[in-house]
Protein chains: 2
Amino acid sequence: MKRARPHASPSRKARPAGAPACDATVRGKLLDAAADLFDRKGYAATTVREIVAVAGVSKPALYYYYGSKEGIYLALMGTAFAQAEQTLVEARESAGSAVGRIFHLCARNYDLFRRNLKVARVMYAIYYGPPQGAPAFDFDAYHLRFQGQLRALLEEGMQAGEVRRMRVEDAMWAVIGALNIAMEVELCHPELSPGPAGLERLLRAVFNGVAVPAARPEKKGVRR
Amino acid sequence: MKRARPHASPSRKARPAGAPACDATVRGKLLDAAADLFDRKGYAATTVREIVAVAGVSKPALYYYYGSKEGIYLALMGTAFAQAEQTLVEARESAGSAVGRIFHLCARNYDLFRRNLKVARVMYAIYYGPPQGAPAFDFDAYHLRFQGQLRALLEEGMQAGEVRRMRVEDAMWAVIGALNIAMEVELCHPELSPGPAGLERLLRAVFNGVAVPAARPEKKGVRR
DNA sequence: CGGCCATCCTACCTACCGGTAAGTATACTT
DNA sequence: AAGTATACTTACCGGTAGGTAGGATGGCCG
């Protein structure tokens, strides 16, 4: 049986965050090391010993600040998604046409993604892949808000005569598809990165349509 | 130092594949178990002990047939991507308009994805995420072929007046974005699965355009 | 019949995993 | 001076990871 340590924190509780972490603190060094290693190896294949070795501190220091391996993962995700939420708030305040605001929302999201590639890559692997022993994190809270905001803009665009009358879900997924593929190329082929200009062209292709207006995509053009 | 076993295969060589594996053979049971566990937990967080427990065989039996944990992973990927290549071959033989054939290629790809969700989820995590200790597998061999085939069809469509004149790369990524998002919803929200009908609607949205033809998406509609 | 081979097994190996107990150093308070 | 709190450490714990040595079994063939 464990005896309580009179001078230690509860063993599963991470230290409360004090001043904002910066790179030179132990807390910050651990976070940076974890981000780098999770990005390069994935959550499950990264060991606590590696993280602390890269950070240059002892293993129990990680437990002191973050409580567990899971704790440092959740801290990473929490920080990144708080920034993403901030992007939504700022994009909501932008002005202009509905379509312009959709472009702006996507551009901001893409920009943030690119500035957080390490966490983004880990998120992608876990959100679209198996959990890998990582603790649950509510990615969908953010995704649903993004979708809601996009849907509202598309509906506004339909009201204003900028967006075609169609199922708003179809329009939404078409836009998200374009945004996602730009981000996915960033993840697996950074040398082919579309960049902001490429994302804009891609969105324009989706908004203007790939087909010549007179050409209706055939419903059943092939033998099945 | 190990002495060579006179009756065993070289320790790193998996047994040559004999008859096609079916579910009831040890080989097949191991593959199925691995697919299931890699899908549910990821490569790095799945242990060999778990795989063999699910398959109902001993651990060295896995080494006998596949040589290593990596070996069984590569066998899984190899099988799935061979099927995907076959899809490309079949779609290339289809007839109809360029746009119709693009729809058909996407529909076939989506269908195969849905029938191999387990392997697809693992592939997604590793292709877009960190390697997680998994051995290298040339996913891009297939992806580049798919892109090449799609690009050829788009160019054909431009020649035939079905597809707008634009950078063929933009058109290609727009189409792939639509296909990918349909697959990604399948991975993380199967209850929202677009299904083949939803994929077709999505592709139609992309081909027809999200914007009303007279409405040009603003190039700089918002403050930056 | 005995040897060979293929197919599997039990028991074991080394190295390593996440987490923890106990301790040390420093600063501050009473 | 003693006690407390904070920030870290060394050494250790129990369990487990991928892989392997040696063996058992059954079928086939000369």
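Quick note on labels: first sequence line is chain A, next is B, and so on, each numbered from 1.
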In whole angstroms, the gap separating P of C/dG19 from CD of A/E70 amounts to 7 Å
The residue among B/K29, B/K118, B/R121 that forms salt bridge (charged side-chain N to carboxylate O under 4.0 Å, His left out) with B/D36 is B/K118
Mutual orientation of the aromatic rings belonging to B/Y127 and B/F139 [parallel < 30°, tilted 30-60°, perpendicular > 60°]:
perpendicular
Distance-only criterion, 3.5 Å: show the donor-acceptor pairs between side-chain atoms of residues 69-81 of chain B and protein atoms not counting sequence neighbours.
from, atom 1, to, atom 2, distance (Å)
B/K69, NZ, B/Y43, O, 3.0
B/K69, NZ, B/T46, O, 2.7
B/T79, OG1, B/A75, O, 2.9

Whole-Å distance, B/Y64 OH to C/dC5 P, equals 12 Å
To the nearest angstrom, the CZ-P distance between A/R49 and C/dT20 comes to 13 Å
Flag, side chain of B/Y66 to backbone of B/R27, donor-acceptor distance under 3.5 Å = yes
What residues 50-61 of chain B contributes to the DNA chain D interface at heavy-atom separation below 4.0 Å is B/K59, B/P60
Tightest non-hydrogen contact, residues A/L199 and A/A182, listed as CD1-CB, 3.8 Å
Taken to the nearest whole Å, OH/A/Y66 to P/C/dT20 is 18 Å
Separation of D/dG19 atom P from B/K69 atom NZ, nearest Å, is 8 Å
B/S193 side chain to B/H189 backbone, donor-acceptor under 3.5 Å:
no
Here the distance between atom C1' of C/dC12 and atom OH of B/Y63, to the nearest Å, is 14 Å
Taken to the nearest whole Å, CD/B/Q132 to C1'/D/dA17 is 17 Å
